[in-house]
Chemist: 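Before I ask anything, here is the structure I am working with.
Computed from heavy atoms alone, side chains included, the values below leave out hydrogens, waters and symmetry copies.
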Amino acid sequence: MNATREEFGRLIRWGIIGAGNVAEFKSGPALMRAPGSTLVAVMRRDVEKARDFAMRHGVPRWYGDVEALLADPEVDAVYIASPHHLHLEHVTRAARAGKAILCEKPVGISAAESRAVADVCRSASVPLSVAYYRRYWPVVQELQRLLAEGAIGDVVQARVQLVDQYVPDPDRAWLTEPEQAGGGALANAGSHWIDLIRYLLGEVDEVTAVSAARFGGFKTEDAIGVQMRMATHALVSLNVTLSSPVAVNEFDIAGTRGRLCAGPLTEGRLVLHRGGHEPETFNCARSGPAHMELVTEVVRRLLAGDASPLPGEEAVAAWDVMEAAYRACSEGRHVRIPHERPARQG
């Protein structure tokens with residue numbers, strides 16, 4: 001079944017597979033509040049936790065089984081926030097059930113799995129969007145606008161930094177298991193920043209990287225430094241750690257005519273420096289929870305019958321870069337990235 005504008009009517013009715021931490025604080029509120037969107041069902045393997053989520057948020061139905069949620073005729077679309085290693089299975093089931101899909105990043109635990117996700121949705125003719133929600137934050141949209149209009153000339157180099165702290169949690173212990181998460185600091189939180197680098201600065205041609213897994217006692221890396229040479233020949237440095245309590249999330253981009261400094265991105269602050277001019281400051285507040293802008297755009301496009309704003313190919317491209325970085329870490333060499341993929345949308 002191909003979900004179309006006529007089938008959706010005027011409202012997208014969502015179900016959540018994996019009603020855990022991310023759904024609680026970031027995506028769930030957006031699915032409930034975005035124009036044309038409502039949340040009608042949630043699923044979690046621990047059905048009592050699913051029931052608790054539903055009761056606290058006024059969601060009509062809850063399930064402890066994926067197939068039960070997918071069989072719910074009131075569910076038009078599903079948001080998949082299960083552990084990374086379950087993404088392919090859950091997307092495949094949802095696609096066969098004819099549901100539109102919004103899948104959490106990084107989509108699977110490898111480029112091959114993310115490619116399989118994109119393929120299964122294409123074969124089933126169901127819309128797939130990837131939850132790289134930071135692209136639609138107002139500060140990122142303003143960054144893209146300024147870069148596109150040449151406000152700082154040609155980009156020469158950029159420094160990108162993410163510092164956060166992973167607090168051990170039995171319900172999220174899978175995040176530090178390589179077989180279930182696909183990686184650590186980079187594959188989890190860092191994948192958002194790989195996506196933003198590609199979105200703002202173009203394709204990555206070559207990668208080198210070093211990582212460490214000693215600060216938090218993780219099986220996966222808790223700190224990684226990635227050096228990238230872009231297709232434009234700009235140089236980009238990305239540093240990610242999950243073992244420090246003082247949060248940092250920022251872009252510092254230098255060009256031939258100026259500099260853009262954005263951070264903290266979570267606060268929407270952006271400063272433009274141009275030679276001979278006073279710095280210009282932009283304050284770009286979000287409209288609500290972290291996923292609000294992306295969910296709003298996904299819903300708008302579903303109702304209009306338009307293409308996904310973040311199709312599965314974007315997840316594949318992010319994984320291509322991450323796998324190259326992990327290979328560079330293990331092999332101690334520069335790794336080139338081929339660019340044989342469909343043109344980007346959105």
Chemist: Give, for atom CD1 of Ile194 and atom NE2 of His192, the distance between the pair rounded to the nearest 0.5 Å.
Modeler: 12.0 Å

Chemist: Going by side chain to side chain donor-acceptor pair (under 3.5 Å), name the residues that satisfy it together with Arg115, two or more places apart in sequence or in a different chain.
Modeler: none

Chemist: Would you say the side-chain atoms of Asp205 and His339 include a donor-acceptor pair closer than 3.5 Å?
Modeler: yes

Chemist: Do Ile16 and Val59 have side-chain heavy atoms sitting under 4.5 Å apart?
Modeler: no

Chemist: Please round to the nearest 0.5 Å and tell me the distance separating atom CG of Asp154 and atom OG1 of Thr256.
Modeler: 4.5 Å

Chemist: Would you please test Trp14 and Val299 for side chain to side chain contact (heavy atoms under 4.5 Å, CB included) and show each step?
Modeler: CA-CA 10 Å; Trp14 291 91; Val299 168; 3.9 Å; yes

Chemist: According to a 4.5 Å side-chain heavy-atom criterion applied to Ile, Leu, Val, Met, Phe, Trp and Tyr, with indirect links allowed, do Ile12 and Met292 form part of one hydrophobic cluster?
Modeler: no

Chemist: Report yes if some heavy atom in the side chain of Val140 is under 4.5 Å from a heavy atom in the side chain of Leu200; otherwise report no.
Modeler: yes

Chemist: What do the steps show when you test Asp320 against Val204 for side chain to side chain contact (heavy atoms under 4.5 Å, CB included), and what is the final call?
Modeler: CA-CA 9 Å; Asp320 283 343; Val204 181; over 6 Å; no

Chemist: For residues 15-33, which residue pairs qualify under salt bridge (charged side-chain N to carboxylate O under 4.0 Å, His left out), counting only residues two or more places apart or in two chains?
Modeler: Glu24-Arg56

Chemist: Mind running side chain to side chain contact (heavy atoms under 4.5 Å, CB included) on Leu39 and His57 for me, showing each step along the way?
Modeler: CA-CA 9 Å; Leu39 180 59; His57 295 291; 5.8 Å; no

Chemist: Rounded at 0.5 Å granularity, tell me how far CG in Asp306 sits from CZ in Arg300.
Modeler: 6.0 Å

Chemist: Looking at Ser27 and Tyr79, what are the two nearest heavy atoms and their distance?
Modeler: OG-CE2, 2.9 Å

Chemist: Hey, quick one: are Leu86 and Val126 part of the same hydrophobic cluster, counting side-chain heavy atoms closer than 4.5 Å, chains of contacts allowed?
Modeler: no

Chemist: Can you tell me if Arg122 uses its side chain to pair, donor with acceptor, with the backbone of Gly312 under 3.5 Å?
Modeler: no

Chemist: Write down the atom of Asn283, the atom of Arg269, and the distance for their closest heavy-atom approach.
Modeler: OD1-CG, 4.1 Å

Chemist: How long is the span from the NE2 atom in His84 to the SG atom in Cys103, to the nearest 0.5 Å?
Modeler: 9.0 Å

Chemist: Treating Glu293 as the side-chain partner and Ser287 as the backbone partner, does any N or O pair qualify as donor plus acceptor under 3.5 Å?
Modeler: yes

Chemist: In terms of side-chain heavy atoms, does Glu221 have a donor or acceptor partner in Tyr326 at a distance below 3.5 Å?
Modeler: yes

Chemist: Below 4.5 Å, heavy atoms only, C-beta onward: do Val47 and Arg51 meet side chain to side chain?
Modeler: no

Chemist: Does any non-hydrogen side-chain atom of Leu196 lie less than 4.5 Å from one of Arg135?
Modeler: yes

Chemist: Search all heavy atoms of Ala213 against all heavy atoms of Asp222 and return the closest pair with its distance.
Modeler: CA-OD1, 3.6 Å

Chemist: Below 4.5 Å, heavy atoms only, C-beta onward: do Ile101 and Ile80 meet side chain to side chain?
Modeler: yes

Chemist: Scan the side chains in residues 179-191 for donor-acceptor partners under 3.5 Å anywhere in the protein, sequence neighbours excluded, and list what turns up.
Modeler:
| from | atom 1 | to | atom 2 | distance (Å) |
| --- | --- | --- | --- | --- |
| Asn188 | OD1 | Lys105 | NZ | 3.0 |
| Ser191 | OG | Ala187 | O | 3.4 |
| Ser191 | OG | Asn188 | O | 2.9 |

Chemist: Can a side-chain donor-acceptor contact be found between Gln165 and Ser244 if the only test is distance below 3.5 angstrom?
Modeler: no

Chemist: Working to the nearest 0.5 Å, report the span between CD1 of Ile197 and CG of Leu238.
Modeler: 4.5 Å

Chemist: Taking NZ, NE, NH1 and NH2 as the nitrogens, is one of them in Asp171 or Arg44 under 4.0 Å from a carboxylate oxygen of the other?
Modeler: yes

Chemist: Would you mind reporting whether Leu235 and Arg229 have side-chain heavy atoms less than 4.5 Å apart?
Modeler: yes

Chemist: Would you say Ser37's side chain and Leu31's backbone share a donor-acceptor pair under 3.5 angstrom?
Modeler: yes

Chemist: Might you confirm whether atom CZ of Arg93 has over 12 heavy atoms from other residues, nucleotides or ligands at distances under 6.0 Å?
Modeler: yes

Chemist: Check Gly108 against His87 and note the closest heavy-atom contact, atom names and distance.
Modeler: N-ND1, 3.0 Å

Chemist: Identify whether the distance between the nearest side-chain nitrogen and carboxylate oxygen of Lys49 and Asp52 falls below 4.0 Å.
Modeler: no

Chemist: For a quick test of reading the model, state the closest non-hydrogen atom pair linking Glu313 to Ala118 and the distance between them.
Modeler: OE2-CB, 4.3 Å

Chemist: Is it the case that over 12 heavy atoms from other parts of the model lie below 6.0 angstrom from the CZ atom of Arg145?
Modeler: yes

Chemist: Checking side chain to side chain contact (heavy atoms under 4.5 Å, CB included) for the pair Tyr199/Arg134: CA distance, chi angles, key distance, verdict?
Modeler: CA-CA 10 Å; Tyr199 180 61; Arg134 284 174 173 83; over 6 Å; no

Chemist: To check you understand the geometry: which heavy-atom pair defines the closest contact between Ala315 and Tyr132, and what is its length?
Modeler: CA-CE1, 4.3 Å

Chemist: Quickly, which of Asp76, Asp72, Thr38 forms a side chain to side chain donor-acceptor pair (under 3.5 Å) with Arg13? Name it, please.
Modeler: Asp76

Chemist: Phe282, Phe251: one ILVMFWY side-chain cluster at the under-4.5 Å cut-off?
Modeler: yes

Chemist: With rounding to the nearest 0.5 angstrom, report the CZ to CE distance, Phe53 to Met43.
Modeler: 13.0 Å

Chemist: Can you confirm whether more than 12 heavy atoms, excluding those of Glu149, are under 6.0 Å from its CD atom?
Modeler: yes

Chemist: Is the shortest heavy-atom distance from the side chain of Asp252 to the side chain of Arg259 under 4.5 Å?
Modeler: yes

Chemist: Just by modelled atom types, is the Pro127 backbone N or O under 3.5 Å from a matching donor or acceptor in the Ser308 side chain?
Modeler: no

Chemist: Please check if Met55 and Leu69 belong to a single hydrophobic cluster, counting links between Ile, Leu, Val, Met, Phe, Trp and Tyr side chain heavy atoms closer than 4.5 Å.
Modeler: yes

Chemist: Any side-chain heavy atom of Arg198 within less than 4.5 Å of one from Glu203?
Modeler: yes

Chemist: Under a 3.5 Å distance rule, please check whether Glu297 uses its side chain to pair with a backbone N or O of Tyr136 as donor and acceptor.
Modeler: no

Chemist: Report yes or no: do Val120 and Ile109 belong to one cluster of Ile/Leu/Val/Met/Phe/Trp/Tyr joined by side chain heavy-atom distances under 4.5 Å?
Modeler: no

Chemist: Under a 4.0 Å N-O cut-off, is there an ion pair linking Arg159 with Glu250?
Modeler: yes

